[in-house]
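A short worksheet on the structure shown next.
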Amino acid sequence: MTKTNKVELLAPAGSYEKMLTAFHFGADAVYLAGKQFGLRAFADNFTDQQIAQATQYAHSINKKVYVTLNIFASEADFAQLGDYLKVLEKAQVDAVLVSDLGVFDFVKTHSHLNIHVSTQANTTNKYAVNMWHKMGAERVVLAREVPLAEIAAIKQFVPQCSIECFVHGAMCISYSGRCLMSNYLTNRNSNRGECVQACRWKWEVKECSRDDDSAMPVMEDEHGTYIFNSKDMNMLRHIDKLMDAGIDSFKIEGRMKSAFYVATVVNAYRRAIDAYYKGKSAFDKCLTELTNELNKASHRCYTTGFYFDEDVERQYYTSSKAIEESKFIAVVLDWKDGVATIEQRNKFVDGDTLEILSVGDSFNKQFVAHNILDSVGNSVQVCTKVQQVLTLPCPYPVQKGDILRFCQNEQE
């Protein structure tokens with residue numbers, strides 16, 4: 001299948017800063033939540049005013065904003081939903097993400113907003129996609145369980161419906177993210193954005209249908225006991241196959257992740273997508289560098305999930321702790337005449353080797369930090385004050401919004 005329109009790169013925006021970061025590093029659109037109705041209740045999220053500001057800014061640079069309304073609603077939710085839809089319409093958001101059929105109907109009858117069907121609706125076949133589209137959905141976010149071959153068949157069956165799929169980030173152990181484990185163990189409702197991620201804990205499971213004396217433990221083997229802990233998805237090496245399947249939007253998971261995570265992952269996928277459109281040679285050439293780049297973001301071991309019909313290990317049995325191969329040092333505020341003005345985020349010292357995360361040609365260039373000065377010109381040898389504004393010589397051109405980090409070998 002040949003795509004006539006360039007695929008959309010869709011990034012998470014758990015806060016206003018992360019939205020700006022996502023756009024700076026090449027996202028075509030972001031998805032975010034207000035203070036209610038979204039499935040990430042513990043992200044910073046957006047006030048009504050911030051949603052309007054975010055959408056205005058996005059449209060000014062020809063980008064899009066999608067707002068999540070993907071809780072499974074109870075009766076009480078609908079009392080506030082109508083007023084919230086008016087806020088979103090006034091802000092001119094580009095679409096809302098919905099999983100609940102009642103919310104879907106309410107949005108249709110109480111607004112003119114475009115509707116995207118959330119992955120929480122666990123849409124897994126072409127007939128379901130077709131039905132959602134007939135009911136008025138502009139886009140369907142397919143369940144992570146759908147194999148790539150079936151995605152291609154779905155797109156061929158309903159070519160007029162936009163198809164969105166996750167390509168990178170954390171995966172839920174439960175079916176399309178629909179889980180009650182958090183509810184049972186902590187009284188935090190995962191289907192209303194309050195998931196405690198109990199699946200990441202260390203577990204020992206026993207079969208307890210017999211009396212205590214004869215209870216037979218069901219234990220993990222030598223790999224450990226993180227039996228519900230999924231690896232993270234990473235489909236960067238398979239972008240060409242995703243394109244061929246006809247997917248319209250590549251979605252990155254991570255509204256609870258850091259701005260540094262958003263920058264690193266969005267930058268890698270932006271570069272890979274752009275290389276794909278330049279041709280196979282350009283795409284193949286960039287894969288090694290960009291694969292290594294994704295290892296610099298906080299992550300668990302990677303998997304391709306359920307995209308391919310293959311016998312792969314999707315669980316990470318060793319630990320639920322994320323792997324971190326790089327550290328966010330500072331965000332660039334300005335660069336002029338070989339001197340960078342930065343806002344510090346983590347400790348670094350004079351003599352450290354720093355690496356540039358940039359949208360420009362200075363990407364992955366390294367230099368040694370020296371002659372560090374504070375805002376009044378005092379020399380700083382050990383930089384420990386978070387958000388302190390500093391200047392230092394940087395031999396490579398950088399832009400506002402670029403990032404400085406510890407390079408991998410510096411950490412080792």
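Here Tyr269 and Phe250 keep their ring centres 6.0 angstrom or further from each other. When ring centroids are compared, Phe328 and Tyr261 stay outside the 6.0 Å threshold.
More than 12 heavy atoms of other shown residues, nucleotides or ligands fall within 6.0 angstrom of atom NZ in Lys257. Shown here is Gln56, whose CD atom has no more than 12 heavy atoms of other residues, nucleotides or ligands within 6.0 Å. Around CZ of Phe78, the count of heavy atoms belonging to other residues, nucleotides or ligands within 6.0 Å exceeds 12. The 12-atom threshold is exceeded at CD of Gln399, counting heavy atoms of other residues, nucleotides or ligands nearer than 6.0 Å.
Using modelled atom types, no side-chain atom of Glu8 and backbone atom of Asp28 make a donor-acceptor pair closer than 3.5 Å. Between the side chain of Asn292 and the backbone N or O of Glu289 there is no donor-acceptor pair closer than 3.5 Å. Judged by distance alone, the side chain of Trp132 and the main-chain N or O of Val140 form no donor-acceptor pair under 3.5 Å. Judged by distance alone, the side chain of Ser326 and the main-chain N or O of Phe406 form a donor-acceptor pair under 3.5 Å. Side-chain N or O atoms of Asn122 include none that pairs as donor or acceptor with a backbone N or O of Ala143 at under 3.5 Å. Between the side chain of Gln344 and the backbone N or O of Cys383, at least one donor-acceptor pair lies under 3.5 Å.
Closest approach of Phe166 to Val141, counting heavy atoms only: CE1-CG1, 4.2 Å. When all heavy atoms are compared, the tightest approach of Arg345 to Val386 is O-CG2, 3.9 Å. In terms of heavy atoms, Arg255 sits closest to Lys18 at O-NZ, 3.7 Å. Considering all non-hydrogen atoms of both residues, Pro397 and Ser362 come closest at O-OG, 2.6 Å. The minimum heavy-atom distance linking Leu9 with Gly26 is given by the pair CD2-O, 4.0 Å. Between Phe260 and Lys296, the shortest heavy-atom distance links the atoms CE2-O, 3.9 Å.
When the side-chain contact (heavy atoms from CB on, under 4.5 Å) test is applied to Thr391, the partners found at least two apart in sequence or on another chain are Val339, Thr341, Leu373. For His238, the side-chain hydrogen bond (donor to acceptor under 3.5 Å, both in side chains) partners two or more places apart in sequence, or in a different chain, are Lys241.
The structure places CG of Asp48 at 10.0 Å from NZ of Lys35, a figure rounded to the nearest 0.5 Å. Residue Thr353 holds its OG1 atom at 6.5 Å from CD of Gln366, rounded to the nearest 0.5 Å. To the nearest 0.5 Å, atoms CZ (Phe23) and CG (Asn62) are separated by 10.5 Å. Atoms CG and CG, on Asp100 and Asp77 in that order, are 9.0 Å from each other to the nearest 0.5 Å. In this structure, Ser111 OG and Leu81 CG are separated by 8.5 Å, a value rounded to the nearest 0.5 Å. Rounded to the nearest 0.5 Å, atoms CG (Leu20) and NZ (Lys400) are 8.5 Å apart.
With a 4.5 Å cut-off on side-chain heavy atoms, Tyr302 and Asn295 count as touching. Between Phe306 and Val146 there is no side-chain heavy-atom pair separated by less than 4.5 Å. Side-chain atoms of Tyr84 and Ile51, non-hydrogen and from C-beta on, do get closer than 4.5 Å to each other. Side-chain contact between Val65 and Gln92 is absent, with no heavy atoms from C-beta onward closer than 4.5 Å. With a 4.5 Å cut-off on side-chain heavy atoms, Leu294 and His299 do not count as touching. The side-chain heavy atoms of Val129 and Leu142, taken from C-beta on, include a pair separated by under 4.5 Å. Using a 4.5 Å heavy-atom threshold, the side chains of Arg270 and Asp274 count as touching. A heavy-atom distance below 4.5 Å is found between the side chains of Glu138 and His116.
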Might you work through the side chain to side chain contact (heavy atoms under 4.5 Å, CB included) test for Leu85 and Phe106, ending with a clear yes or no? CA-CA 10 Å; Leu85 294 179; Phe106 195 94; 3.8 Å; yes

Go through the steps to decide whether Phe72 and Gln120 satisfy the test side chain to side chain contact (heavy atoms under 4.5 Å, CB included), and finish with yes or no. CA-CA 9 Å; Phe72 289 99; Gln120 256 68 31; 4.1 Å; yes

query: Which is it for Ile329 and Glu355 under the side chain to side chain contact (heavy atoms under 4.5 Å, CB included) test, yes or no, and what are the steps along the way?
result: CA-CA 9 Å; Ile329 295 302; Glu355 187 174 77; over 6 Å; no

Under the criterion salt bridge (charged side-chain N to carboxylate O under 4.0 Å, His left out), I'd like the reasoning laid out for Lys155 against Asp248: C-alpha separation, chi angles, the key distance, then a yes or no.
CA-CA 9 Å; Lys155 185 61 181 177; Asp248 298 284; 2.8 Å; yes

Exercise for review: Show your reasoning for whether side chain to side chain contact (heavy atoms under 4.5 Å, CB included) applies to Lys285 and Lys278.
Suggested key: CA-CA 11 Å; Lys285 183 179 179 181; Lys278 291 177 182 176; over 6 Å; no

Please set out all donor-acceptor pairs under 3.5 angstrom arising from side-chain atoms of residues 158-165, sequence neighbours excluded.
unit_1: Ser162; atom_1: OG; unit_2: Arg139; atom_2: NE; d: 2.9
unit_1: Glu164; atom_1: OE1; unit_2: Arg139; atom_2: NH1; d: 2.8
unit_1: Glu164; atom_1: OE2; unit_2: Lys251; atom_2: NZ; d: 3.2

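A side-chain contact (heavy atoms from CB on, under 4.5 Å) with Phe363 is found for one member of Asn267, Ile356, Val398 and no other, namely Asn267.
For the 3.5 Å distance criterion, the side chains of Thr291 and Arg237 qualify, holding a donor opposite an acceptor. In this model, a donor atom of one side chain and an acceptor atom of the other lie less than 3.5 Å apart for Asp402 and Ser358.
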